[in-house]
Number of protein chains: 2
Amino acid sequence: MTDSPARPRGRRPGRADTRGTICRAALTLFSTIGYDKVSLRAIAREADVDPALIHHYFSSKSDLFAQTVLDLPLDADRLVSDVLAGPRDQIGQAAVAAFLAAYDGPDGGRERFTAMLRSAVAEEVVQRPMSEFMSKEVFGAIAERLGHVNFKLRGQLAVSLVLGMALSRYILRLPTLTAASDQMIIEELRP
Amino acid sequence: MTDSPARPRGRRPGRADTRGTICRAALTLFSTIGYDKVSLRAIAREADVDPALIHHYFSSKSDLFAQTVLDLPLDADRLVSDVLAGPRDQIGQAAVAAFLAAYDGPDGGRERFTAMLRSAVAEEVVQRPMSEFMSKEVFGAIAERLGHVNFKLRGQLAVSLVLGMALSRYILRLPTLTAASDQMIIEELRP
DNA sequence: GTCTATACGTGGATAGAC
DNA sequence: GTCTATCCACGTATAGAC
């Protein structure tokens with residue numbers, strides 16, 4: 001979202017801030033049905049905009065994806081310190097809690113995350129930045145600071161834990177898990 | 001795999017057991033790149049078979065998918081008792097261990113599982129049977145027998161744990177996690 | 001800046017000859 | 001049982017008129 005300057009200059013044919021509208025529509029669709037099942041025509045329809053305009057603002061579909069969902073809204077350092085704040089024998093819980101908090105915010109972060117996760121399974125372009133960011137920037141940093149011998153393995157296990165949560169809750173939508181509050185999940189996660 | 005009767009009857013034009021060949025090729029591709037990115041033409045190429053033959057043996061692409069990967073090779077009851085065999089405070093580890101064992105077998109089970117998981121994120125047809133099977137038949141049964149108040153939630157959390165593992169290890173292929181042995185993973189999973 | 005028309009590829013599926 | 005030829009829908013992308 002390097003967009004929405006929100007500059008409503010004098011009335012022009014068509015609507016102002018077309019770019020922002022396209023972004024929002026794209027994010028919605030990407031997070032709902034995943035990268036490859038989204039067509040530019042569908043995005044245009046959703047945004048109530050002409051398909052050719054998408055190519056005008058974004059050079060290609062992958063470019064659109066990159067600009068709308070791929071720049072993570074996460075501050076890695078912030079996340080790391082959040083996770084490390086609690087007692088050290090409950091790292092797993094803390095990680096899940098931090099992610100649930102970060103992605104349930106009102107910023108559209110959850111849409112971005114589900115879009116990434118959905119597409120990561122099919123698109124290699126998405127896989128690399130995603131898994132690298134999570135296991136290196138975030139969990140690698142955490143595990144390293146903890147100074148455990150197998151810190152790499154532990155970091156990636158934590159990634160797998162969080163990914164499994166997100167997958168089950170936001171994509172597969174396992175019923176009980178979706179209905180449960182963050183509190184409850186963190187609670188039950190101990191054993 | 002309801003196929004391969006392996007009956008080489010008298011020489012005929014073309015190859016015998018075309019159906020089985022198609023099945024294997026399809027499974028390979030489905031598990032490698034996922035349902036929607038696989039074209040029937042690609043399967044035909046991989047199997048060194050004419051595209052039209054696929055429609056001859058399987059009525060449609062979804063039918064082919066169903067017959068090659070969707071019938072789970074898992075015996076739910078078996079899995080449940082495996083998980084329940086160990087001490088009750090290490091259920092999570094036991095579940096992961098059971099799945100790793102079941103799917104690392106020589107039966108092509110892992111290909112089936114990755115194919116399902118890959119496609120589950122995009123195809124709703126795959127999502128329902130998969131999540132139902134896992135959270136009801138397997139983990140629901142386990143949690144219910146344990147008689148915990150939140151057994152449903154726990155069951156689905158266990159699902160999420162296993163899915164996260166599979167996703168990270170077999171699809172995203174997080175390096176350290178992929179390289180690690182099953183033993184090590186189960187070991188480190190305790191905390 | 002906006003939209004119409006269209007090029008060009010690829011996908012799933014079929015009919016019908018051998 | 002096998003394959004050639006083809007239909008048709010849809011995808012991305014572009015050229016060019018308003």
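Chain letters run A, B, ... following the sequence lines, proteins first, then strands; residues in each count from 1.
Residue Lys152(B) qualifies as open at atom NZ: its count of foreign heavy atoms under 6.0 Å is 12 or below.
Rounding to the nearest 0.5 Å gives a distance of 4.0 Å between CZ of Arg19(B) and CZ of Phe58(B). Here Arg169(B) contributes atom CZ and Thr176(B) contributes atom OG1; the two are 11.5 Å apart, rounded to the nearest 0.5 Å. Separating the CD atom in Glu111(A) from the CZ atom in Arg118(A) is a distance of 11.5 Å, to the nearest 0.5 Å.
Of all heavy-atom pairs between Leu153(B) and Ala180(A), the closest is CD1-CB, 3.9 Å.
Distance Leu40(A) CG to dT14(D) C1': 13 Å, rounded to the nearest Å. Lys61(A) places its NZ atom 19 Å from the P atom of dG9(C), with the value rounded to the nearest Å. Distance Ile43(A) CD1 to dG11(D) C1': 12 Å, rounded to the nearest Å. Atom-to-atom, CG of Asp17(B) to C1' of dT2(D) comes out at 15 Å; the value is rounded to the nearest Å. Distance NZ (Lys37(B)) to P (dT10(C)): 14 Å, rounded to an integer number of Å. Computed from coordinates, the Ile33(A) CD1 to dG11(D) C1' distance equals 13 Å when rounded to whole Å. Atom CZ of Arg19(A) and atom P of dT2(C) are 13 Å apart (whole Å). Taking atom CG of Asp36(B) as the reference point, atom C1' of dA9(D) lies 17 Å away to the nearest angstrom.
Among residues two or more places apart in sequence or in another chain, the ring pair (Phe, Tyr, Trp, His ring centres under 6.0 Å) test is passed with Tyr35(A) by Phe30(A), Phe65(A). For Ala179(B), the side-chain contact (heavy atoms from CB on, under 4.5 Å) test picks out no residue, with sequence neighbours left out. Every side-chain contact (heavy atoms from CB on, under 4.5 Å) that Ala52(B) has, sequence neighbours left out, goes to Asp50(B). Applying the side-chain contact (heavy atoms from CB on, under 4.5 Å) rule to Arg173(B) yields the partners Thr178(B); only residues at least two apart in sequence or on another chain are considered.
Taking every heavy atom of residues 50-60 of chain B and every atom of DNA chain D, pairs under 4.0 Å involve Asp50(B), Ala52(B), Leu53(B), His56(B), Tyr57(B), by number.
End-to-end axis angle of the helix from dG1(C)-dC18(D) to dC18(C)-dG1(D), from C1' rotation axes over five pairs per end: 10° (rounded to 10 degrees).
Residue Thr18(A) places at least one side-chain N or O closer than 4.0 Å to OP1 or OP2 of dT2(C).
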